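Quick note on labels: first sequence line is chain A, next is B, and so on, each numbered from 1. Computed from a prediction, not measured in an experiment: that's the story for all the values here.
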Number of protein chains: 2
Amino acid sequence: MPLPHTEAPGYLVSNLASRGVRMTRQRRAILGIIETASHHLDAAQILRKAQKQEPEVDRVTIYRTLSLLKRHGLIDELDLMHLQGEKHFYERKTPREHVHMTCLRCGRVTEFESRLFDGLKKQVQKECRFQIAVARMEIGGYCSSCRA
Amino acid sequence: MPLPHTEAPGYLVSNLASRGVRMTRQRRAILGIIETASHHLDAAQILRKAQKQEPEVDRVTIYRTLSLLKRHGLIDELDLMHLQGEKHFYERKTPREHVHMTCLRCGRVTEFESRLFDGLKKQVQKECRFQIAVARMEIGGYCSSCRA
DNA sequence: AGTCACGATGCAACCAGTTGCAACAATGCG
DNA sequence: CGCATTGTTGCAACTGGTTGCATCGTGACT
Ligand SMILES: [Mn+2]
Ligand SMILES: [Mn+2]
Ligand SMILES: [Zn+2]
Ligand SMILES: [Zn+2]
């Protein structure tokens with residue numbers, strides 16, 4: 001699950017600041033973590049990392065920052081098949097949208113880009129007259145090394 | 001969000017029974033509710049309905065029955081964009097797989113069947129050598145009556 | 001730099017979902 | 001039809017996420 005570092009550093013901070021969102025120490029820390037993350041992180045992981053920088057951050061602030069980012073369409077939220085409890089995972093939104101596959105045996109998460117995914121979105125926009133803000137496709141099953 | 005009643009009544013009970021799963025009063029009630037539901041239900045709604053039939057059912061039993069059904073691939077779990085909290089919604093799995101669109105303004109949920117969805121699944125199976133057990137596509141945005 | 005308004009934070013109380021465990025009951029067998 | 005086995009249930013304790021509220025601090029304007 002490699003997330004390429006395509007964006008300029010601090011782009012989440014600048015993006016939000018340019019929309020008039022206030023920047024606090026806590027937010028800067030959280031945004032930095034999400035921006036430079038190399039895998040899909042859950043809220044607890046983000047909290048732990050944030051507290052290394054800003055020991056006073058509360059988990060409430062993590063959740064509130066995550067919904068801020070969701071509201072602004074800057075991150076995607078994933079279930080990854082809720083393989084370990086109900087928690088959700090987060091990744092910054094990139095121009096390359098992709099499908100997530102989670103192996104129900106080994107837990108490995110793989111990403112896959114497809115024309116058909118974009119095509120399906122276009123079809124929904126057109127045929128259902130539905131204006132898409134977020135689209136998420138998640139698959140559970142067995143990866144090539146795990147299936148019998 | 002109309003769910004057609006295609007299956008024979010009691011098919012969840014028979015299906016599970018034939019796999020050697022024990023049938024209890026509580027389960028019978030819960031399965032009946034899911035089977036005859038006309039919309040996507042969340043755990044709390046299922047609990048309330050079940051308690052009308054079997055006042056003693058505990059919410060734990062609802063959650064355990066839901067994971068049983070998920071394990072056996074008999075229901076699908078949906079986020080519906082987590083529009084109201086973190087809760088999940090459930091629907092019985094039908095032969096007609098569909099995409100779910102949730103309007104972020106009015107909350108309306110619509111379903112859409114598409115060849116491209118099946119095509120995308122086939123592509124994943126083939127190109128990624130990934131054996132699919134569950135596939136879920138969820139879209140958030142603005143329905144035709146809500147967009148400006 | 002000093003003031004201010006209002007958005008953001010932390011805390012505590014709350015609610016939804018999970019897990020451990022002892023009591024219970026569905027099913028199969030004598 | 002009663003008995004034993006073993007899976008299922010309800011309860012209580014717990015964990016993860018949310019909400020209300022008083023306090024705090026950012027960023028705008030002087
Ligand atoms: Mn979810
Ligand atoms: Mn549906
Ligand atoms: Zn695997
Ligand atoms: Zn709408």
Of the nucleotides C/dC11, C/dT18, C/dT27, which has the atom closest to the B/Met23 side chain? C/dT27
Of all the nucleotides listed (D/dG27, C/dA8, D/dG17), which has the minimum atom distance to the side chain of A/Thr24? C/dA8
Using a cut-off of strictly less than 4.0 Å, decide whether [X] has a side-chain nitrogen or oxygen near OP1 or OP2 of [N].
| X | N | result |
| --- | --- | --- |
| A/Thr61 | C/dA8 | no |
| B/Arg27 | D/dT9 | yes |
| B/Gln26 | D/dG10 | yes |

Provide, to the nearest angstrom, the distance between the [atom1] atom belonging to [X] and the [atom2] atom belonging to [N].
| X | N | atom1 | atom2 | result |
| --- | --- | --- | --- | --- |
| A/Leu69 | C/dA8 | CG | C1' | 14 Å |
| A/Leu47 | D/dG17 | CG | C1' | 12 Å |
| A/Asp42 | D/dT15 | CG | P | 16 Å |
| A/Leu66 | D/dT19 | CG | P | 14 Å |
| B/Lys87 | D/dT19 | NZ | P | 11 Å |
| A/His82 | D/dG16 | NE2 | C1' | 13 Å |
| B/Arg19 | C/dA26 | CZ | C1' | 19 Å |
| B/Arg71 | C/dT18 | CZ | C1' | 14 Å |

Candidates B/Asp76, B/Leu80, B/Thr102 - the one meeting side-chain contact (heavy atoms from CB on, under 4.5 Å) with B/Phe89: B/Leu80
Taking all heavy atoms of A/Val109 and all of A/His100, pick out the closest pair and write down the distance. CG1-CD2, 4.1 Å
Close side-chain approach of B/Leu12 to B/His72, heavy-atom, < 4.5 Å: no
Student check: side-chain heavy atoms of A/Ser114 and B/Leu120 closer than 4.5 Å: yes
Residue whose nearest DNA chain D nucleotide is more 5′ - A/Tyr63 or B/Gly20: B/Gly20
Using the salt bridge (charged side-chain N to carboxylate O under 4.0 Å, His left out) rule, pick out the option among B/Lys70, B/Arg71, B/Lys93 that qualifies with B/Glu77. B/Lys70
B/Arg22 vs B/Arg59, nearer the 5' end of DNA chain C by closest nucleotide: B/Arg59
Start at the 5' end of DNA chain C and walk down; is the nucleotide closest to B/Arg25 or to B/Glu86 reached first? B/Glu86
Has the side chain of B/Arg64 got a donor or acceptor that lies under 3.5 Å from a partner of the other kind on the base of D/dG10? yes
